[in-house]
Engineer: 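One structure, pasted below without further comment.
In what follows, chains are A, B, ... by sequence order, proteins preceding strands, each numbered from 1.
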Amino acid sequence: MARPAKDAPVLLRLDGITKRFGALTANDSVCLDLRQGEILALLGENGAGKTTLMNILFGHYVADEGAVLVSRDGAELAQLEPGSPHAALDAGIGMVHQHFTLAENLSVLDNILLGTEKLSALKSARAPARRKLADLMTRSGLTVGLDMRVSQLSVGEKQRVEILKALYRDARVLVLDEPTAVLTPQESDTLFAILKKLAAAGLGIVFISHKLAEVMAASHRIAVLRGGAKVADLPTSQCDQRQLAELMVGHEVSETVRGAGTPGDTLFVLTGVSAGESRESIRDVNLELKSGEILGIAGVSGNGQTMLARVISGLETPFAGSMRLGDRALTHANARTMIDAGLARIPEDRHRDGIVGAMTVSENLAIEAIRKPESQRFGLLRFAAMRDKAKALIDAYDIRCQGEDSPARLLSGGNIQKIVLARTLEGEPKVVLAAQPSRGLDVGATSEVYRRLLDARARGAGVLLISEDLDELMRLSDRIAVIHRGHLSAAEPTETLDRGTLGLRMAGHTMEAAE
Amino acid sequence: MIRFEPRGPVAVSRMIGVSVTAALAALVLAAIPMLFAGLSVFDAYGLMVKGAWGSMFAFTEMLTRAAPLILTGLAAAVAFRAKLWNIGAEGQLYAGALAAVAIGTGLISGPSFVLIPAVILAGALAGGLVMLVPTLLKTRLGVDEVVTTLLLNFVILLFVQMMLEGPMQDPMGMGWPQSEPILDEAALPKLMDRMRIHWGLIIALAASLGVYFLLKRTVWGFEIRAVGENASAARHAGIPVTATFIRVGLLSGALAGLAGVGEVAGLKGYLTADLSPGFGYSGIVVAMLAGLSPIGVVFAALFIASIFVGADSMSRATGVSNYLADLIVAISLLCVLVSGLFLRFRIRLSTSSPAQETAK
């Protein structure tokens, strides 16, 4: 991709930004320049300090040391008043958050104008605003119906509204926090095309990501953060994915490789299952999981994955259809019968559903088996047995904690996930439901999750993998089905699918139209 | 600028420290109205200590007052542990007392070793059943138990008044709204001659050890803690959340009912509608002050009982109203709620403003 001229003026400079939260240093003297017409990717794992840095830039946080310098209208760089989002807006910095900040019940136009008009103005100046927006839309390609209500828009459209909002305020620096997290691959491609157009028109763009492929495809320059410090700042043309992954993690990364599987008999069957009332519901879902295979379920967030996981976890009773594990019917099931039937469940929100934070690691490891003879006798807890088991699991699953009696809430996300893996997989379950198992985890913990799921497959378990990450699905799954608006497509072998086809199906195109 | 930083694990010593600090802070803050009332603060507190701990009589009176507070404190503590907000211990106490009187005034007759357990069981059962109603409404229909338990207090108190002026009125009571006296065989024995202290204290202490054991060492206790700390994770892990709530509700109500049994069968001997000076509500303060620890409840109850008994004695000596006791108890609840903040966060004061910090 054509790089902007080397002598393009610097729009924004972060000068030695340091931010500490207690003992944690979230940003460690980070320096960063952004030139006019440049797309800079800020790459790093979860917890590397990307979002903190951008929040300092936008005035949500105040840096402990260092300064943010901005050039206004081509003038010299001048310090931005810290801790004031208002000053940041004024200086032409626009931010598109990962979670949109739109009023759902207002129209697109109202949302864009919100906060830009003076209270004292008697009449809002709609006509000039419409003209300005029409002009912006034709130049950038960001087309949205201005009179649509935001609640009627798709996720991709909402994101366009957010970008338009920033442009309408004459942003010269645009910051996007994980912009593709909620998009299908096609929507992501469109977004990047628009970003390139905007950059060519003279905007400076920073986008935050932890996905290597899109960073390589869409940026001019890549800055890598690790542990709060900037460890690399390179032109994209000089990078490759492997090198970036190592920079991000700080050591060599081994790729998880799925060998050929030996699928056996059908283990777990859903027939015509419907549950839920609202948007997040499932209708007439059919699914067959064989032993020794990983069946992936792809879909854009909010298309019924959560309900499907809740039904299989025994938390929601479907109003139609049936579930069967082996010879056992599970239609009116609860969590207990699911566990007893040999179904391991890894919840998508591990902090809410996976652990009781105030209880100890040992108690959290025993919680699913608390009524089994191994944990109790005559209703009295067997502490010694529970501790011994906990120690063994802490070793086997490499759970990093200050002993089995420390509260689980003090553990990192990856170690919390290891608690969940240890207690669910240790009983050698027949079926494993893994809902978003690597969400929010760093590379090391993610590869540990992959290894455990592949191990379960190798010993003959059936694994149902629900994920929003296509790379993860294509790497692990033997077959993939797509969920869209609560309907699940038939699963097809991964070898016959590619990202494009899956992306179209995730966006709701039917099988025939996709081909 | 004030900053709040979350703390790591909370040591037991820190929890005790916070409770003690909250109690002391309440005493310091209560000194302000004392000054307005024209009292010498040190004299007043001196009189209170003497009134609660200064003689064998004072001490046993304080313990007699602590017994129902331990039980209502446990009722609140065990329910709050499961995040079941039982504000109805006052009503459950009266239900327990009413059941004890119904059984103990001649409905059945027999020797002490039959009648006393029967009276105790009846009181516990009545308290538990009263709490069962809000618990079922919560688990089945999602009705807020704070509202139902609180309002049931008034329903039950009015029901007791109706019974005392109607079917259960003492025919020999010269028209007073009070029940017949409890039979001697059904009354809880005294612990000491010529003192009012009775077996209700032993029951309360045993209950405190029992609840401690239940929460710490049993599967049911494990489930209560799990449901209280994170109900959705508990449900996901296959713990029967509804059954746990029902168990906790029955236990909490039963503990409050036992407090009522002690007051009629151990202390007063008959039931009147002013049996409890708000033991049910004070139990909430006791539980909070104890950090919901069943052992801590005993010490918190001793503190609150000392305030009540001491303030009565001080008020007789100085002529200042014993409402002061209610004031101190209320302030100590506020102090303990505020101090919860100190338990969870470390609070830092920094003198420089954010703008100065970055201008350096």
Engineer: Can a donor-acceptor pair be found, under 3.5 Å and without considering hydrogens, that links the side chain of B:Asn230 to the backbone of A:Arg352?
Structural biologist: yes
Engineer: For A:Phe383, is it the side chain, the backbone, both or neither that has a heavy atom under 4.5 Å from a heavy atom of chain B?
Structural biologist: side chain
Engineer: Looking only at heavy atoms, which two atoms of A:Arg371 and B:Pro240 are closest? And how far apart?
Structural biologist: NH2-CG, 4.3 Å
Engineer: Could you list which of residues 123-133 of chain B have a heavy atom closer than 4.5 Å to any heavy atom of chain A, in residue-number order?
Structural biologist: none
Engineer: Is it the case that atom OH in B:Tyr212 sees more than 12 heavy atoms from other parts of the structure closer than 6.0 Å?
Structural biologist: no
Engineer: Can you name the nearest heavy-atom pair linking B:Lys216 to A:Leu381, along with the distance?
Structural biologist: O-CD1, 3.9 Å
Engineer: Report, as yes or no, whether the 6.0 Å neighbourhood of atom CZ on B:Phe299 holds more than 12 heavy atoms from other residues, nucleotides or ligands.
Structural biologist: no
Engineer: Kindly check if the number of other-residue, nucleotide or ligand heavy atoms within 6.0 Å of CH2 (B:Trp85) is above 12?
Structural biologist: yes
Engineer: To the closest 0.5 Å, what do you measure between CD1 (B:Ile239) and CD1 (A:Ile370)?
Structural biologist: 7.0 Å
Engineer: Which residue out of A:Glu363, A:Arg350, A:Arg423 racks up the most heavy-atom pairs below 4.5 Å with chain B?
Structural biologist: A:Glu363
Engineer: Between A:Leu315 and chain B, which part of the residue has a heavy atom less than 4.5 Å away: side chain, backbone, both or neither?
Structural biologist: side chain
Engineer: Taking all non-hydrogen atoms of both residues into account, name the closest pair between B:Ala233 and A:Gly354 and its distance.
Structural biologist: CB-N, 4.3 Å
Engineer: Mind listing the closest non-hydrogen atom pair of B:Ala226 and A:Met359 along with its distance?
Structural biologist: CA-SD, 3.6 Å
Engineer: Is A:Ile339 in contact with chain B via its backbone, its side chain, both, or neither, using a 4.5 Å heavy-atom distance?
Structural biologist: side chain
Engineer: Above 12 or not: heavy atoms from other molecules or residues under 6.0 Å from CZ of B:Arg225?
Structural biologist: yes
Engineer: To the nearest 0.5 Å, what is the distance between CD1 on A:Ile355 and CD on B:Glu229?
Structural biologist: 11.0 Å
Engineer: Which residues satisfy the ring-ring contact (aromatic ring centres under 6.0 Å, His included) test with A:His86, sequence neighbours excluded?
Structural biologist: none
Engineer: Enter the distance from B:His236:NE2 to A:Ile346:CD1 here, rounded to the nearest 0.5 Å.
Structural biologist: 9.5 Å
Engineer: Only pairs of heavy atoms separated by less than 4.5 Å count here; which of A:Glu368, A:Arg310, A:Met338, A:Arg345 has the most with chain B?
Structural biologist: A:Arg345
